[in-house]
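The structure displayed is predicted, hence computed values, not measured ones.
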Amino acid sequence: MKRRVDKSERKFQAARHQQSSPTPRPKHVRASPQWSWAKIGLISLLILGATIPFLLHVFSDIDDLSRPSDLGLNHTINFYLKTEEGVRVGVWHTVPEHRWKEAQGKNVEWYEKALGDGSPIFIYLHGNTGNRSAPHRIGVANILSALGYHALVMDYRGFGDSTGEPTEPGLTTDAIYLYNWVKKRSGNSLVCVWGHSLGSGVTTNTAVKLLEQGEKFDGIILEGAFLSGRVAANQVFEHPFTWYYWKFPYIQFYLFNPMKNNNLDFPTDKNLEKIRTPIMILHSEDDHLVPMSVAQEIYRIAKKAQNSDERVKLVPFDGKHGYLHNGLYRDPALPNIVREFVQSLTA
């Protein structure tokens, strides 16, 4: 006799069968963890891409440039100059080493007055990126101070804690302003300029502009100098101010292709044909950024322009020392080389 099964029992058996039989997981469910990790990875990359440039901007100038004493410069003061509307540049003034005790606790006015003490004065125009606290820049300031000279190291607009956007005309304007500011306070002291790398282009630009104004440097030192910022249309060229736009990666949303519009010339070669100031060229034979052949060409152009073996000097440094592009300040012979050059300016 067949057992009668009512509807409620059939439902119960069907439910029990469903519970005992594993239900295969849909394919899209198995893939979801993989998609989740991919999404997390993609989002992480986007966050890193947005935050790393910001962090570089925040920490690239981590030193408090308003306190040079924190970096061991105990006879140096920090001050700011307004070179044009909306632009404020930071400057360090290091007095001659023999005045270091006298300089303790002194204010900006004392340092300004010290510029007229008869000691030679050097304006140091540094290279690309970084700020006035870079070790090789502090090294040059210390050498000049030990020789009994004043050293003024400026961060152009856009560098260090200076405001504004770096451009070729802007950097030249900053250098001219600093020269005029120093000249008003220098009395009869020599006022020379030391341009390193990018600063060599700023130096020769400034020298030519000063000539047009009836002024000139008393002496020029070019270290690791290049001939020109001009390049052929098909030549690969890394823009010297790329770092600035990397620090502010979203600037392209506000300025249309800013680096393309920020064309560079820095015609050191053409400028040297006009300059009649005594020049000393310092270059390491193992310079990895500017070949020694460039320094030799700069020497040839300047020597021809001034028609003199005495007013233009080329001082090469043996490549075995490993000075590369920034290390000449470590050479023990450099202080005497600089001293002899300065002495030749008054001979």
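A donor atom on one side chain and an acceptor atom on the other are not found under 3.5 Å apart for Ser284 and His321.
Separation of atoms CG (Asp265) and CG (Asn271) is listed at 8.5 Å; rounding is to 0.5 Å. Expressed to the nearest 0.5 Å, how far OH of Tyr124 lies from CG of Leu178 amounts to 14.0 Å. Note that CG of Asp286 and CE of Met292 are 10.5 Å apart. Values are rounded to the nearest 0.5 Å. Atom NE2 of His325 and atom CG of Asp287 lie 5.5 Å apart (nearest 0.5 Å). Put simply, OH on Tyr80 and CG on Asp161 are 3.5 Å apart, with the number rounded to the nearest 0.5 Å. We find the CD1-CH2 distance between Ile220 and Trp194 to be 14.0 Å, quoted to the nearest 0.5 Å.
Following chains of ILVMFWY side-chain contacts shorter than 4.5 Å, one can reach Leu115 starting from Leu81, so the two form part of one hydrophobic cluster. Cluster annotation: Ile138 and Trp100 are assigned to distinct hydrophobic clusters (Ile/Leu/Val/Met/Phe/Trp/Tyr, side-chain heavy-atom contacts under 4.5 Å, transitive). A chain of hydrophobic side-chain contacts below 4.5 Å, direct or via other Ile, Leu, Val, Met, Phe, Trp or Tyr residues, connects Val108 to Val89. By the rule that hydrophobic residues join a cluster once side-chain heavy atoms approach within less than 4.5 Å of another member, Phe122 and Leu282 end up as members of one cluster. At a threshold of 4.5 Å between side-chain heavy atoms, the hydrophobic network of Ile, Leu, Val, Met, Phe, Trp and Tyr places Leu144 and Met154 in two separate groups.
A distance-only check finds a donor-acceptor pair linking the side chain of Ser344 to the backbone of Phe341 [under 3.5 Å]. Judged purely by atom type and a 3.5 angstrom limit, His150 has no side-chain atom pairing as donor or acceptor with the backbone of Tyr111. Listed for the Glu168 side chain is a donor-acceptor partner under 3.5 Å among the backbone atoms of Phe266. In this structure a side-chain-to-backbone donor-acceptor pair under 3.5 Å is missing from Ser69 to Asn74. Under the 3.5 Å distance criterion, the side-chain polar atoms of Ser145 are matched with a main-chain donor or acceptor of Glu97. Judged by distance alone, with hydrogens and angles left aside, the side-chain atoms of Arg88 form no donor-acceptor pair with the main-chain N or O of Glu85 at under 3.5 Å. Side-chain N or O atoms of His75 include none that pairs as donor or acceptor with a backbone N or O of Glu102 at under 3.5 Å. Using a distance-only test at 3.5 Å, with no hydrogens or angles considered, a donor-acceptor pair links the side chain of Trp92 to the main chain of Leu65. Of the possible donor and acceptor atoms, one in the side chain of Asp155 sits under 3.5 Å from a partner among the backbone N and O of Arg132. Side chain of Arg137 to backbone of Asn131: a donor-acceptor contact under 3.5 angstrom is found.
Just one of Asp174, Thr173, Thr167, Thr163 meets the side-chain hydrogen bond (donor to acceptor under 3.5 Å, both in side chains) condition when paired with Arg157; it is Asp174. The side-chain hydrogen bond (donor to acceptor under 3.5 Å, both in side chains) with Tyr179 is formed by just one residue from the set Lys209, Gln213, Glu215, Lys184; it is Glu215.
Annotation for Lys106: atom NZ counts as buried by contact number, over 12 foreign heavy atoms lying within 6.0 Å. Applying the 6.0 Å contact sphere to CZ of Arg67 captures no more than 12 heavy atoms from other residues, nucleotides or ligands. Residue Glu310 places its CD atom among 12 or fewer non-hydrogen atoms of other residues, nucleotides or ligands, all under 6.0 Å distant.
Closest approach of Thr346 and Leu190 over heavy atoms only: CG2-CD1, 3.7 Å. Minimum interatomic distance between Leu345 and Cys192 (heavy atoms only, all atoms of both residues): CD1-SG, 3.6 Å. Taking every heavy atom of both residues into account, Ser162 and Tyr156 meet most closely at CB-O, 3.2 Å. Considering all non-hydrogen atoms of both residues, Gly148 and Ser119 come closest at O-CB, 3.3 Å. The nearest pair of heavy atoms linking Thr277 to Phe217 is CG2-O, 3.2 Å. The nearest pair of heavy atoms linking Pro332 to Tyr323 is CD-OH, 4.0 Å.
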Report the C-alpha distance between Leu171 and Leu198 in whole Å, list the side-chain angles of each, state the deciding distance to 0.1 Å, and finish with yes or no for side chain to side chain contact (heavy atoms under 4.5 Å, CB included). CA-CA 10 Å; Leu171 270 60; Leu198 176 71; 4.1 Å; yes
Does Lys216 form a side chain to side chain contact (heavy atoms under 4.5 Å, CB included) with Leu210? I'd like the steps, not just the answer. CA-CA 6 Å; Lys216 68 173 184 176; Leu210 290 176; 5.5 Å; no
Could you walk me through whether Ile298 and Leu314 pass the side chain to side chain contact (heavy atoms under 4.5 Å, CB included) test, one step at a time? CA-CA 9 Å; Ile298 288 174; Leu314 171 61; over 6 Å; no
Full working for side chain to side chain contact (heavy atoms under 4.5 Å, CB included) between His196 and His126: CA-CA 5 Å; His196 174 236; His126 67 61; 5.6 Å; no
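A distance below 6.0 Å separates the ring centres of Trp181 and Phe79. If you look at His283 and Tyr299, their ring centroids are not closer than 6.0 Å.
Between Arg99 and Asp117 there is a salt bridge, with a side-chain nitrogen of the basic residue lying less than 4.0 Å from a carboxylate oxygen of the acidic one. Using a 4.0 Å cut-off between charged side-chain N and carboxylate O, Arg300 and Asp269 make no salt bridge.
Side-chain contact between Leu152 and Val182 is present, with heavy atoms from C-beta onward closer than 4.5 Å. Pro278 places none of its side-chain heavy atoms less than 4.5 Å from the side chain of Asp218.
Using cut-offs of 30° and 60° for the angle between ring planes, the His136 and Tyr329 rings count as tilted.
Applying the side-chain hydrogen bond (donor to acceptor under 3.5 Å, both in side chains) rule to Glu109 yields the partners Asn107; only residues at least two apart in sequence or on another chain are considered.
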